[in-house]
Every structure is written in structure tokens, then in C-alpha cells.
Amino acid sequence: MTIATAVDGYLRHVAVERGLAANTVAAYRRDLGLYTAWLAGQPDSDAGDAVIAGAGAGAGAGAADAPARPITNLRAITRHHVSAFVQYLGLRPESPLTAASIARILSTVRGFHRFLLGEGLVETDVAHDSKPPKLALRLPKAISIEQVAALLAATDGDDVQRLRDKALLELLYATGARVSEVVDLNVDDVRLEDFDSVRLTGKGDKQRIVPVGSFARAAVSDYLVRARPMLSARGRSTPALFLGLRGQRVSRQNAWLIIRAAAERAGLTVPVSPHTLRHSFATHLLAGGADVRVVQELLGHSSVATTQIYTLVTADTLRDMYTLSHPRAR
């Protein structure tokens, strides 16, 4: 089996059997495309040995100078190839990748080689012992409760655009949802008569129920009654909850622009993105005494270890408050 055929089989496996989201599968495809393109430029060591052996046994005069064939067979890939690929990612002259990007690509490559072993296509998992570069600890960037309040206040207004923007931002902050989860919502996902929670569909099509606070409920209700019918009349019929000014579903890029515009009106000098509201949601919950496992469920994290990074943020806040307030802290 060729490497390209094996890659196609692996992508079908993660899409169908593991049920990964389309965006995740697309990322795997890009990662493996980079890997296989690099492999195609590497000599097949077995083929090279055969050329040299043939020359020593009296092959044609030019045999010793013949170039080794590139790797096309799965069994020709070795541990050394995987290690060299990781080094290449960090050193390639056109655009060296960060440690985080290298770790992500290596994770894809390791998953691919585990699949090959599990399917009996190779005898050894050559990527099993490969280690990603150490990642620098990056704390999520949250904004303060006062800054969130200023951001949300910047969407006040009675025109259809402001009503929509307020509903969108209030819902993002109230639920800690990823922006893709909110823009993918349909009207049927929000029933005003019992709108105290919302069902979100996250990575891998995993669903979770997240409570919705009174401010977000009021904002979404106002939008549905006073703004969405007018926006819907401007375009083709769509079940989307949040609509653009032409009546189409709001995209992730649209949501980013809406938040950036609100941040500028609020006079915020720190970078603000849809994910900033998600980070702020988690940080403010933990600072208010919420259990980390509850926050894990609300965020839709598969592992509590991912959520625990927010506890470092709150610990830093406590340390700063202690340093500023205690008479013998400095």
C-alpha cells in the first residue's frame, strides 16, 4: 500500500469511526500532507543500499552514482525519519514553526502511525517514542469583569444590529461557548418559554447543556422578537439564530469583527477576540468559587487537565492581590 492510500484510509477512519469534526479532519489532512511531502524528498535507505550492493557486485558503471529512490512504501519509514521531520519543522528556512505547532503536527503523525500498526500495515510503530518540543506555559488571556461589562455595554442600542450584537456577546460570555458553537445555533435550539439553558455542539459533535443567565436570556429574547424578523426578511430563509445584515448566517469571521468593533467602542486597549470571552467566562467562574470539574463540563473539555490551566490564572490574581494588600508581602 502506498503512503497516500494509507493517509486516505486514516482520514476516513478518524472521520467515520472516531467521529471527528470536519475542521479537525481538515487539519489532520494538512498535517499529513506536510509529512508525506517531506517524506517524498527523503531517500529510501533500503533502495540506496540495493544500489550500492549492485555496484559492488559488478553492476553497470553508473550504478554507484544512481540516486536513491524517494520513500513511497510505508515500511521504509523509520524512527530516524520521524525524528528528522520534527527537526525540519523547527528549522525549515521558509517558515520555522512554533513548538505548539510542531507538537500538534507530531500528534497527527503519531496517530497515523498507530493506525498503521493497528491495521497490520506495518510491524512497528516508528513514531511511538517521538517526543514533541517542550511547550512554554501560556496562560489564557482573560479580561476583567469590569472590562467585560464595558464591552457588553458598548452593544447597547435599539437598532437591529445592536440588538443582534448584544445577544451574541451576552450569549458567548454567559455560556463560555466557542464562537463556532454559537454561530452554528439555530432558532429551534432556543425556546423562549423555557430558555434557561442551551444545547451546544462542540468538537467531535459532542453535545453539552450549558445554563444561560438572565442577562443573556433577555438579550436573546429582545433580538428574536425585535431584530431577527427584520434581518430574516433581507435574505433567503435560514434556520440560523444569528443573522448578518443581508439575512445570512453570521460566520465566525463576522463574529470576530463584531467583537472587535464593540471593544473599540468600549475603549479597551487589550486585544479582545471571541475566545477572550470564553477565557474570561472560565476565569471568572473559578475566581467566584466554581469547582474546576464543573467548569470543565461547561467548557466541553475532554480532560480536566485542559481546564486546570485556568486555576493558574486565578492563583496569579490572588498572588497579585496579596502582594498589593499585605503590609509585609514586599
Side-chain angles (χ1 to χ4, degrees), residues 141-201 209-285 288 298:
K141 295 180 180 179
I143 57 179
S144 68
I145 295 174
E146 293 74 21
Q147 288 172 318
V148 171
L151 179 70
L152 297 174
T155 60
D156 289 345
D158 290 326
D159 61 275
V160 293
Q161 187 171 349
R162 290 293 179 89
L163 289 169
R164 181 208 57 194
D165 294 354
K166 177 167 283 295
L168 176 65
L169 268 64
E170 286 279 8
L171 194 58
L172 282 168
Y173 179 59
T175 61
R178 302 174 180 91
V179 65
S180 58
E181 296 171 345
V182 168
V183 299
D184 284 346
L185 287 172
N186 292 327
V187 174
D188 289 345
D189 295 321
V190 178
R191 297 177 299 179
L192 291 180
E193 62 272 14
D194 57 352
F195 183 39
D196 59 356
S197 63
V198 64
R199 183 185 300 273
L200 300 173
T201 302
I209 303 294
V210 180
V212 178
S214 60
F215 287 88
R217 288 201 303 270
V220 172
S221 177
D222 281 349
Y223 162 70
L224 284 174
V225 173
R226 300 167 57 194
R228 191 185 181 281
M230 299 175 64
L231 293 172
S232 180
R234 299 178 182 179
R236 296 180 178 179
S237 177
T238 172
L241 174 60
F242 290 108
L243 301 179
L245 297 182
R246 296 181 180 178
Q248 80 286 5
R249 183 186 293 272
V250 167
S251 67
R252 288 181 297 173
Q253 291 76 17
N254 293 148
W256 191 92
L257 292 173
I258 290 168
I259 292 175
R260 186 175 71 174
E264 290 176 354
R265 291 195 301 271
L268 300 183
T269 57
V270 295
V272 180
S273 69
H275 230 60
T276 303
L277 290 175
R278 179 170 165 85
H279 293 324
S280 302
F281 166 86
T283 302
H284 298 165
L285 277 176
L298 293 173

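Predicted model only: the values in this text are computed from it and were never measured. Hydrogens, waters and symmetry mates play no part in the numbers below; they use all other heavy atoms, side chains included.
- Remark: aromatic rings of F215 and Y173 are distant, center separation not under 6.0 Å.
- Between the side chain of S221 and the main chain of A218, no donor-acceptor pair closer than 3.5 Å is present.
- Of all non-hydrogen atoms in D196 and R217, the two that sit nearest each other are CA-CD, 4.0 Å.
- Considering every non-hydrogen atom in both A240 and R249, the closest pair reads CB-CZ, 3.4 Å.
- When every heavy atom of A150 is checked against every heavy atom of A266, the shortest pair comes out as O-CB, 3.5 Å.
- When side chains are defined from C-beta on, T238 does not count as touching Q248, because their heavy atoms never get closer than 4.5 Å.
- A donor-acceptor distance shorter than 3.5 angstrom exists from the side chain of N254 to the backbone of S251, with no hydrogens or angles considered.
- Considering every non-hydrogen atom in both G244 and V250, the closest pair reads N-CG2, 3.6 Å.
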Let me see the working for D165 and Q161 under side-chain contact (heavy atoms from CB on, under 4.5 Å), right down to the final yes or no.
CA-CA 6 Å; D165 294 354; Q161 187 171 349; 3.8 Å; yes
Going through the checks in order, is the side-chain contact (heavy atoms from CB on, under 4.5 Å) test met by D189 and L241?
CA-CA 8 Å; D189 295 321; L241 174 60; over 6 Å; no
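- Between P271 and T276, the shortest heavy-atom distance links the atoms O-OG1, 4.0 Å.
- No donor-acceptor pair closer than 3.5 Å links the side chain of S197 to the backbone N or O of I209.
- At least one side-chain heavy atom of V212 sits less than 4.5 Å from a side-chain heavy atom of L171.
- Without hydrogens or angle criteria, T283 side chain to H279 main chain gives a donor-acceptor distance under 3.5 Å.
- Within the 4.5 Å cutoff, no side-chain heavy atoms of V190 are placed close to those of R199.
- Between D184 and F242, every side-chain heavy-atom pair lies at or beyond the 4.5 Å cut-off.
- Take F281 and apply the ring pair (Phe, Tyr, Trp, His ring centres under 6.0 Å) test, not counting sequence neighbours, and it matches no residue.
- In this structure, V182 and A177 approach most closely via the heavy-atom pair CG2-CB, 3.6 Å.
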Go through it in stages, so that I can follow the logic: the residues are T269 and Q147, the test is side-chain contact (heavy atoms from CB on, under 4.5 Å), and I'd like the CA-CA distance, side-chain angles, deciding distance and then a yes or no.
CA-CA 10 Å; T269 57; Q147 288 172 318; 5.8 Å; no
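- Side-chain contact between T155 and R265 is present, with heavy atoms from C-beta onward closer than 4.5 Å.
- L151 has its side chain within reach of L268: a pair of non-hydrogen atoms, C-beta onward, lies under 4.5 Å apart.
- In this structure, CD on E170 lies 11.0 Å from OG1 on T175, to the nearest 0.5 angstrom.
- Side-chain N or O atoms of R234 include one that pairs as donor or acceptor with a backbone N or O of L245 at under 3.5 Å.
- Taken to the nearest 0.5 Å, the OG atom of S280 stands 11.0 Å off from the NE2 atom of H275.
- We find that K166 and D156 are joined by a salt bridge, their nearest charged nitrogen and carboxylate oxygen being less than 4.0 Å apart.
- In this structure, the side chain of N186 does not engage the main chain of D188 through any donor-acceptor pair within 3.5 Å.
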Test side-chain contact (heavy atoms from CB on, under 4.5 Å) applied to L200 and L185, step by step
CA-CA 8 Å; L200 300 173; L185 287 172; 4.2 Å; yes
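- Two residues are said to be in side-chain contact when any heavy atoms from C-beta on lie closer than 4.5 Å; R228 and V220 fail this criterion.
- T201 has its side chain out of reach of E181: every pair of non-hydrogen atoms, C-beta onward, lies at least 4.5 Å apart.
- Salt-bridge formation is detected for the pair R226/D158: a Lys NZ or Arg NE/NH1/NH2 atom is positioned less than 4.0 Å from an Asp or Glu carboxylate oxygen.
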